[in-house]
Amino acid sequence: MTTEIDTGPAQAQVELAIGGMTCASCAARIEKKLNRMDGVEATVNYATEKAKVSFREDVSVQDLIATVEATGYTAQEPEPPRAAEAGDAGQQAPEADELRPLRQRLLTAVLLSVPVIAMAMIPALQFEYWQWLSLTLAAPVVTYAAWPFHKAAWTNARHGAATMDTLISVGTSAAFLWSLWALFFGTAGIPGMTHPFELTIERSDGAGNIYLEAAAGVTAFILAGRYFEARSKRKAGAALKALLELGAKDVTVLREGGSEVRIPIGELKTGDRFLVRPGEKIATDGVVVEGSSAVDASMLTGESVPVEVAAGDAVTGATLNAGGRLVVEATRVGADTQLARMARLVEDAQNGKAAAQRLADRISAVFVPVVIALAFATLAFWLGNGAGWSAAFTAAVAVLIIACPCALGLATPTALMVGTGRGAQLGILIKGPEVLESTRKVDTIVLDKTGTVTTGRMTLLAAHTAEGVSESELLRLAGALENSSEHPIAQAVAAGALKENDGPLPVPEDFANVPGLGVQGIVEGHAVLVGRTALLAEWAIHLPVDLERALAEAEAAGRTAIAVAWDGEARGVLEVADAVKDTSAEAIRRLRDLGLTPILLTGDNKAVAQAVAAEVGIAPEDVIAEVLPQDKVDVVKRLQSEGRSVAMVGDGVNDAAALAQADLGLAMGTGTDAAIEAGDLTLVRGDLRAAADAIRLSRRTLGTIRTNLFWAFAYNVGALPLAAAGLLNPMIAGAAMAFSSVFVVGNSLRLRGFKAL
């Protein structure tokens, strides 16, 4: 009898596109409302304008959308990305339409507010009725151009909330209404009225002062900030968009009978065989079944050197066939392809929040009510101290305008958008912002040997010949015999022989496998033996002194030594091993330069491990050998118990647990799915140098986030007291507030220039 345990409703996930957000407080409000729903966990990102929501099955997506709309914003499930067809000139139209209203309001505000500001700041321009011209020009700015602020403030007020738009709307409206009162009921409307532009408190009853330049100027500056912020955010997300558009649009499928049919990529199915001509993109992930070519994978991996592929080799969708004709069998299509998984990882990372940003969000959520209270307190303080209505009002409006929490809301997401997007272009996938915190702390990096430091496949490394024997002859006869064997060492010898000889290897006339010892047979009339020295000894053949020495040195270095004899005499010794990647030594040096201690971890014997470590520059005491696959995680735990912060680089199924246990897991993209899923960073191009680049990029991104947050906090902390003290004109406060958001986005965009070493 089987008893089923009810674990409750399953969790589903959806990503909603949120409309109407104007600052970080908006995102915080929506997030708070969604998280109040039973069984719902939500994260709302202001920069990407998306909400990532996990919810129980008894909650519908429409319920989530209704909650967002009840909060005063819009929500919808985003449409799946559609790559542009060739010649699709209208692709940019939606983006242009989105920015057009904002651009029109900005142009209106700038054109009309410039003369208003000029007249207010330059007494020489204050002709007899200048104040009435200022009113005429400022009115459209405060009404039409600033309408989005007023509309958002009213919407928020109806829902009992206040955001940055509330600050702007209240501040500009107060300045405008005060000016109207002064013009119509005070002394400001008298012909010939003038007043100087000053940044200090001046005792006055305010009846003769107008603040039209503040109302118009603040609107113009903030609209400018919003416009450039929107454009910059679009640039920040451009890398992900480019990644999504890398794939092929259609594909030539081979049908029964050899016919070729051109179909859209969406109709391709797993198991279909498709044709890739020279110069075409490979349509999807698959295995080459016919042909050979060089494949340019630089658009996915950042690696400029093409990779040679032939029948049996795996290829990745969106890479470029730079050489011959290929027939590929599709193994993954649609959302399962490496390109789609890369895009998903990048987008998930961009939607995340670092610990510091979560603190900033909490501050933004309560910031606006606090600022409004502070503005009233400032007004009351200056009135109580006899400064006059004009000075008190100026200080209160400056407090409202200067206290924009936008820069706080943009600090993390913009840096993440640019950093993760640039990483994707270089073949580095960052899973989320918490990963960035880990890269700063790690001091030890554990490297799995096979497939990470080495190529992961046996390779012929050296050939030693007896006197009178040429290397080409040795390889031709030994390779011909080994080519008939399926053993990995035999295949390594055969591959090395094929590379050395111009033509194909001869076919043995006779072949026999001698279990545990090697192979023997007849090649081109020669009786050939290839294998252990014990095989040669059975035929009473012994190695001469020089070959005996070469064999001993090879075994001491941890390599597999193979003896070759024919016609009753020993002719040579071949060295086979898992070859160290050409770039591994340089990668180890770069990791040391980053302050990391590299440790080599392997299941191979100590001699092999020490030889590899010596070749790449790892100290003998930092080699951990003869470790069973299931014990790798224990090694990571032991290092952590010693107080180390450990990064782990691996590519196999047996590395997955260790990658998950490590403080920072780096999975080689050429490895298994299990390793990639367990890792925090994925190195698409399978080059260990990418590990150093990934850590550098992560640290640079984290540094950018910290710089953004510091200046956003410092700006508010430093500017609010100045505004409350009456030392900051509202118009200059508006300019400074807009600049803070543009600065944060601009600082993040510098990550686009990050280069792999």
Side-chain angles (χ1 to χ4, degrees), residues 104-150 153 167-227 375 379 388-402 723 726-738:
Q104 288 173 345
R105 294 182 192 276
L106 172 60
L107 289 174
T108 301
V110 170
L111 289 174
L112 297 180
S113 62
V114 166
V116 174
I117 294 170
M119 286 187 288
M121 293 180 66
I122 306 172
L125 298 179
Q126 295 173 6
F127 57 91
E128 189 171 5
Y129 292 103
W130 72 273
Q131 67 270 46
W132 297 103
L133 176 61
S134 291
L135 175 63
T136 304
L137 296 174
V141 177
V142 178
T143 53
Y144 164 72
W147 176 246
F149 306 131
H150 304 318
L167 300 181
I168 298 169
S169 178
V170 171
T172 54
S173 298
F176 186 72
L177 293 173
W178 177 281
S179 300
L180 285 179
W181 180 87
L183 284 169
F184 287 99
F185 302 104
T187 59
I190 298 173
M193 184 277 290
T194 61
H195 68 70
F197 178 79
E198 295 182 358
L199 301 181
T200 56
I201 294 174
E202 179 185 356
R203 295 182 182 276
S204 167
D205 64 1
N209 284 355
I210 58 174
Y211 294 95
L212 294 172
E213 79 283 358
V218 165
T219 301
F221 281 126
I222 294 175
L223 282 172
R226 288 269 176 97
Y227 177 73
L379 180 69
W389 277 99
S390 178
F393 178 78
T394 300
V397 170
V399 168
L400 288 173
I401 299 301
I402 196 68
L727 300 176
L728 208 55
N729 182 278
M731 184 183 64
I732 293 180
M737 186 272 285

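Side chains included, hydrogens not; waters and symmetry mates left out as well; all remaining heavy atoms used. Each residue takes its place number in the sequence, starting with 1.
- Annotation for Ala118 and Leu125: closest pair O-CD1, 3.7 Å, computed over non-hydrogen atoms.
- The two residues Ala396 and Ala375 make their nearest non-hydrogen contact at CB-O, 3.5 Å.
- The closest side-chain heavy-atom distance from Ser179 to Leu212 is below 4.5 Å.
- Rounding to the nearest 0.5 Å gives a distance of 5.5 Å between OG1 of Thr194 and CD of Gln126.
- Taking Phe127 as the reference, Met119, Tyr129, Trp130, Leu133 meet the side chain to side chain contact (heavy atoms under 4.5 Å, CB included) condition, with sequence neighbours excluded.
- For Val141, the side chain to side chain contact (heavy atoms under 4.5 Å, CB included) partners at least two apart in sequence or on another chain are Ala109, Leu112, Ala145, Ala216, Thr219.
- In this structure, Tyr144 OH and Gln104 CD are separated by 5.0 Å, a value rounded to the nearest 0.5 Å.
- Ring-plane geometry between Trp147 and His150 is classed as perpendicular, the angle between the planes exceeding 60 degrees on a 0 to 90 degree scale with a lower cut at 30.
- A pairwise comparison of heavy atoms in Val116 and Leu137 identifies CG2-CB, 3.6 Å as the closest pair.
- Nearest approach of Val142 to Ala215, heavy atoms of both residues: CG2-CB, 3.7 Å.
- Looking at every heavy atom in both residues, Leu183 comes nearest to Gln131 through CD2-CG, 3.5 Å.
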